[in-house]
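Chain A is the first sequence line, chain B the second, and so forth, proteins listed ahead of strands; every chain is numbered from 1.
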Amino acid sequence: AQTVTQSQPEMSVQEAETVTLSCTYDTSESDYYLFWYKQPPSRQMILVIRQEAYKQQNATENRFSVNFQKAAKSFSLKISDSQLGDAAMYFCAYRSGGGATNKLIFGTGTLLAVQP
Amino acid sequence: KAGVTQTPRYLIKTRGQQVTLSCSPISGHRSVSWYQQTPGQGLQFLFEYFSETQRNKGNFPGRFSGRQFSNSRSEMNVSTLELGDSALYLCASSSIGTGYEQFFGPGTRLTVL
C-alpha cells in the first residue's frame, strides 16, 4: 500500500522569505502523480502544484516549486517570496497512474504560518 | 464554470440518526470522490464514483454508502450516526479533460451530538 509522510506538523516563515515543506512517500508503483494541496481556514482545498512521476523536470507554478527526488521518494515544496495569503495547511498527496482510480492518499499536513 | 458544490454546508445530527450529503460536480466531470477529514485521522478516502459506478472504496464500515446519478451528482449516506462520524466531508470531481486533476468542494461540516 502507498503511504505519504509529512514530518513537519508546523512551520513558520517571515513574509518575503523562502520556506520548504517536506514530504516523503512509499510506493512500489512506477506510474503515479504527486500533488501539493493548500487548505486555508475556509477549508477549501486548492491544488498548488502537481508532478508526474515520469517527468524528470521539477514542476513550477509561479512562486511554488517542487524538488522531486524519485529514487529517494521525496517531494518537497518550496514557497518563495512568502505572502500572508500563503498561510494555510499544506497537504502532500499521491495518486496512482493508469487512470483506474482518482483516489488521493494524503499526508497528515503541515500548518504554515507567515509572520509579517 | 461553476465549481463543485456541496449541500448542506453545515449539519447537526444526533447519534443513531442517518444523514445524506450531496455533491454536484463541475459540469462535464464524471468522476466524483468523497473524503472524510478529522483532526485525529486526517484526510481519508471514502469512495469514488465514475459514470454511476463505484470503482473504489476506502476502509469505512458499511454504514457509509454512496451513489452517483446519471447527471454525475453524487450523494453519500451515513446511517446510525456515531459521535466519531463528526467530520468535514469533502467531495472532489475530475475529468479526463483536466488530466484527472481533482477539484474540491467547500465541504459539509457534520456534527454528531
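Among Ala92(B), Pro106(B), Ser33(B), Gly42(B), the residue with the largest count of heavy-atom pairs under 4.5 Å with chain A is Pro106(B).
To the nearest 0.5 angstrom, Cys91(B) atom SG is 12.5 Å from Met45(A) atom CE. Here the straight-line distance linking atom CG of Leu104(A) with atom CD of Glu48(B) works out to 9.0 Å at 0.5 Å rounding. Atoms CD and CZ, on Gln37(B) and Phe91(A) in that order, are 5.0 Å from each other to the nearest 0.5 Å. Interatomic distance, OH of Tyr35(B) versus NZ of Lys103(A), reported as 8.5 Å (0.5 Å rounding). One distance of note links CD of Gln39(A) with CG of Leu43(B); it measures 6.5 Å at 0.5 Å rounding. With values rounded to the nearest 0.5 angstrom, Thr101(A) atom OG1 is found 11.0 Å from Phe50(B) atom CZ.
Residues Tyr37(A) and Phe104(B) are in side-chain contact: their nearest non-hydrogen atoms beyond the backbone lie under 4.5 Å apart.
Chain B is approached within less than 4.5 Å, heavy atom to heavy atom, by no residue from residues 81-90 of chain A. Contacts of residues 68-75 of chain A with chain B at a heavy-atom distance below 4.5 Å are absent; not one residue qualifies.
Cluster annotation: Leu83(B) and Val19(B) are assigned to the same hydrophobic cluster (Ile/Leu/Val/Met/Phe/Trp/Tyr, side-chain heavy-atom contacts under 4.5 Å, transitive). Note on Phe64(A): it clusters hydrophobically with Val13(A), by side-chain heavy-atom contacts below 4.5 Å among ILVMFWY residues. A continuous path of ILVMFWY side-chain contacts below 4.5 Å connects Ile49(A) to Leu112(A), so both sit in one hydrophobic cluster. Put simply, Phe45(B) and Trp34(B) are part of two different groups of oily side chains (I, L, V, M, F, W, Y) that touch within less than 4.5 Å, one to the next. If you chain together hydrophobic residues whose side chains sit under 4.5 Å apart, Phe106(A) and Tyr94(A) never meet in one group.
Counting non-hydrogen atoms of neighbouring residues, nucleotides and ligands closer than 6.0 angstrom, the NZ atom of Lys55(A) reaches no more than 12 such neighbours. Within a 6.0 Å sphere centred on CZ of Arg63(A), heavy atoms belonging to other residues, nucleotides or ligands number more than 12. Crowding of Asn71(B) atom CG: a count of heavy atoms from other residues, nucleotides or ligands under 6.0 Å exceeding 12.
Heavy-atom distances place no part of Phe35(A) under 4.5 Å from chain B, backbone and side chain included.
For Ser94(B) and Asn102(A), the side-chain atoms include at least one donor-acceptor pair closer than 3.5 Å.
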